[in-house]
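Step one of this worksheet: look at the structure below.
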Amino acid sequence: MFGLSVAHRRLIWFVGGSLAAACIGGVAAGFVLDLGRRLSAFETPAVLAIGLTMTAVMAVVMGLNLRWWRAVDEATREAHKWSWYWGGTTGLCVGAVLFVLVNSFPRAVDAALDGALSPAHALMAGMAVLAVLQVVGYALFWGGWWLARR
Amino acid sequence: MKNRLKVLRAERDWSQADLAQRLDVSRQTINALETGKYDPSLPLAFRIARLFGHPIEAVFQDEA
């Protein structure tokens, strides 16, 4: 396909397929969630259905990920492994500092948020912040790994 | 670890992309190997040596 290597083709499938799976899963989850809200008796099955849908989406993502991983060369793998270890760990360290700060000054954080987030949304935000910090750390270290080997 | 990858490639008038294609690795990997900033695994080192028709120690030299 357009003279691309197997690894590049599988990367396109991985990214494109993951986005497509996320879109289809998101629409399906939204539909089920809406149904669950309209029919209160449907709420528990809706939670299960959304959980199963997202599990299926993640299974597709990981399957495409595995296909791509098997096609990439060892230096590419090394860059990803090294970056996830050091970038992810660095991101978690930054997250740990934030965790301790929030834990030490809960009233200041509550005052700053001023009820803007429900407990469920605050929990989601906390999980997202940790994930984002790790991904940012990974991306920076991945770029650094290749820059150092130019 | 030092290597003669760049010289051996130049002798055959191959570009980095040509060599990458023959070894089924990325061009960036070839560049990292040639500049000595990435040491290949033993299987890749053997593949490289085989491709150039040399013993592995004629392509890679330990700096220790």
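Throughout, a chain's letter reflects where its sequence line sits, starting with A, and its residues are numbered from 1. Computed from a prediction, not measured in an experiment: that's the story for all the values here.
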Point to revise | Modelled atom types, side-chain donor and acceptor of N31(B) and Q16(B), under 3.5 Å | key: yes
Exercise for review: Please assess F52(B) against W14(B) for the test ring-ring contact (aromatic ring centres under 6.0 Å, His included), listing each intermediate value before the final yes or no.
Suggested key: CA-CA 12 Å; F52(B) 288 118; W14(B) 291 344; 5.7 Å; yes
Review point. Applying side-chain hydrogen bond (donor to acceptor under 3.5 Å, both in side chains), which residue pairs with at least one partner in residues 104-132 of chain A are found, sequence neighbours left out?
Key: S118(A)-H121(A)
Study note, to complete from the structure: Under a 4.5 Å heavy-atom criterion, the part of residues 68-88 of chain A in contact with chain B comprises D73(A), E74(A), A75(A), T76(A), E78(A)
Check your understanding: Side chain, backbone, both or neither: which part of T35(B) has a heavy atom under 4.5 Å from chain A?
Key -> side chain
Point to revise | Heavy-atom contact with chain A under 4.5 Å, split by part of P43(B) | key: neither
Exercise for review: Go through L23(B) and I30(B) one step at a time and tell me if the side-chain contact (heavy atoms from CB on, under 4.5 Å) criterion holds.
Suggested key: CA-CA 9 Å; L23(B) 290 169; I30(B) 296 297; 3.8 Å; yes
Check your understanding: For E34(B), does the CD atom have more than 12 heavy-atom neighbours from other residues, nucleotides or ligands under 6.0 Å away?
Key -> yes
**Study point:** L19(B) vs V25(B) side-chain heavy atoms within contact, under 4.5 Å
**Key:** no
Exercise for review: Before giving the answer on side-chain contact (heavy atoms from CB on, under 4.5 Å), spell out for R22(B) and R12(B) the whole-Å C-alpha distance, their side-chain angles and the decisive distance to 0.1 Å.
Suggested key: CA-CA 13 Å; R22(B) 285 165 202 269; R12(B) 285 153 183 81; over 6 Å; no
